Q: 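Below is the structure I would like to discuss, written out as structure tokens.
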There are 2 protein chains.
Amino acid sequence: MQKTDSLQKRAFPPREIDATDRKILGELARDASVSFARLGEAVGLSAPAVHERVKRLKAQGVIRGTVAHLDGARLGKPLLAFVHVTTKGWGKTRALMSLADLPEVEEIHSATGDTCLIIKVRVASSLALEGLLSRIYDLPEVRATQTYVALSTHLERSPQAEVTQALEEAETLR
Amino acid sequence: MQKTDSLQKRAFPPREIDATDRKILGELARDASVSFARLGEAVGLSAPAVHERVKRLKAQGVIRGTVAHLDGARLGKPLLAFVHVTTKGWGKTRALMSLADLPEVEEIHSATGDTCLIIKVRVASSLALEGLLSRIYDLPEVRATQTYVALSTHLERSPQAEVTQALEEAETLR
DNA sequence: CTTTTTGCCCGAAGCCTGTTCGGAGAATAG
DNA sequence: CTATTCTCCGAACAGGCTTCGGGCAAAAAG
């Protein structure tokens, strides 16, 4: 019998993510409303086995949660734009991060290139976009912004489970 | 009794999205794994009433689906980047749209500004990013690209249900 | 090689939840 | 006032989630 006095056993040891896990993740990334039984058919396992894997993947943080994907246009926010912000000094200030309180702001990244911050926003109208840009400009550390308005969206999805190995293979000479 | 001979009755007439709907959508956009009973408590309705509203919102297309939100880094794709593509002529060609077949490509938008296309990609390494850019450059209609690498992501979420009315209100003089 | 341990899987069963149904109540139109 | 429509609720059924115990194979230990 194993003693576990001083060394606490982890509930989920950091196991490798295998091919079956990726299949499950691929299905869930496309449609998380599928039943465990049907998921099991797709990957060749029983429902309890799939359930255990999904529980582990959630505990490991690979699955960050399940969310409803809403249609921005039907919600009254048909205008999508990317705002590139150039800041004085380092961009990550409390004031800039407070933009996350607005439901119009969907993403905030620190980035390389000319700009320091890339912000993805979805607003009701060009007037609302102007109002949002006005709020950004009011922040003292903002030096300039450049806005790219999405005229049409051809693809928009959450992170996918698969990885294309061919991208990393040695590039042949051109 | 109403005759329905020539005019087929819609299963879900295009009803207005009211405040209760938005509350439900807000909850589901944050966590779609909540039960209808708990959702009903949050908005002051019974489980069947919430169920009917959600069914209608799905039929209307406001809820496009429920998906698992995966962690790109833990899946082996820690590098997020936005690629701006300048194309010859109009950007939306079949070759460019075929980039959607790659699981690394998460978004494709036609955009205003200097660029014609904004592509959001998540890759395993800088080498993989180079390989992906190489594929983009191989397309005949691509004139130039500019890549912004996300150093850190401070916010990344799906479209939110709320709309900030204050953004559209008249801007006072500065 | 034998034994033990570990990890992963499955079938069965209980319980929680999704889903449907019929009816009540309010608001609106006729 | 009456009829219609719409939305809601309580109850009940059915189905899926979740747990449990046990079996099997591979790896590790002896």
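It should be emphasised that the depicted structure is a prediction, and the values quoted were computed from it without experimental measurement. No hydrogens, no waters, no symmetry mates; every other heavy atom, side chains included, goes into these values. Naming convention: chains lettered A, B, ... in sequence-line order (proteins, then strands); numbering from 1 in each chain.
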Q: Check whether R22(B) reaches the backbone of A161(B) with its side chain - one donor and one acceptor, N or O, closer than 3.5 Å.
A: yes
Q: Using a cut-off of strictly less than 4.0 Å between a heavy atom of the residue and any atom of DNA chain D, enumerate the qualifying residues of residues 32-40 of chain A by number.
A: S35(A), F36(A)
Q: What N/O pairs connect the protein and nucleotides 9-15 of chain C at under 3.5 Å? Give each pair on its own line.
A:
unit_1	atom_1	unit_2	atom_2	d
dC9(C)	OP1	R53(A)	NE	3.3
dC9(C)	OP1	R53(A)	NH2	2.7
dC10(C)	OP1	S46(A)	N	3.4
dC10(C)	OP2	S46(A)	N	2.7
dC10(C)	OP2	S46(A)	OG	2.7
dC10(C)	O5'	S46(A)	OG	3.4

Q: Between R53(A) and E27(A), does any side-chain N to carboxylate O distance fall below 4.0 Å?
A: no
Q: For the rings on Y148(A) and H109(B), is their centre-to-centre separation under 6.0 Å?
A: no
Q: Take atom CG of D21(B) and atom C1' of dC8(D), then tell me their distance rounded to the nearest Å.
A: 14 Å
Q: Is the phosphate of dT19(C), meaning OP1 or OP2, less than 4.0 Å from a side-chain N or O of H51(B)?
A: yes
Q: Under 4.0 Å: is that the gap between some side-chain N or O of K55(A) and OP1 or OP2 of dC17(D)?
A: no
Q: Indicate, with yes or no, if L75(B) and L28(A) share a hydrophobic cluster defined by side-chain heavy-atom contacts under 4.5 Å among Ile, Leu, Val, Met, Phe, Trp and Tyr.
A: yes
Q: Run the salt-bridge test on E107(B) and K120(A) with the 4.0 Å N-O cut-off and return the result as yes or no.
A: yes
Q: With sequence neighbours left out, write down each residue that passes ring pair (Phe, Tyr, Trp, His ring centres under 6.0 Å) with F36(A), or none if nothing qualifies.
A: H51(A)
Q: Could you state the interatomic distance from OG1 (T147(B)) to CD (E130(B)), rounded to the nearest 0.5 Å?
A: 11.0 Å
Q: Between the side chains of T86(A) and H84(A), is a donor N or O closer than 3.5 angstrom to an acceptor N or O?
A: no
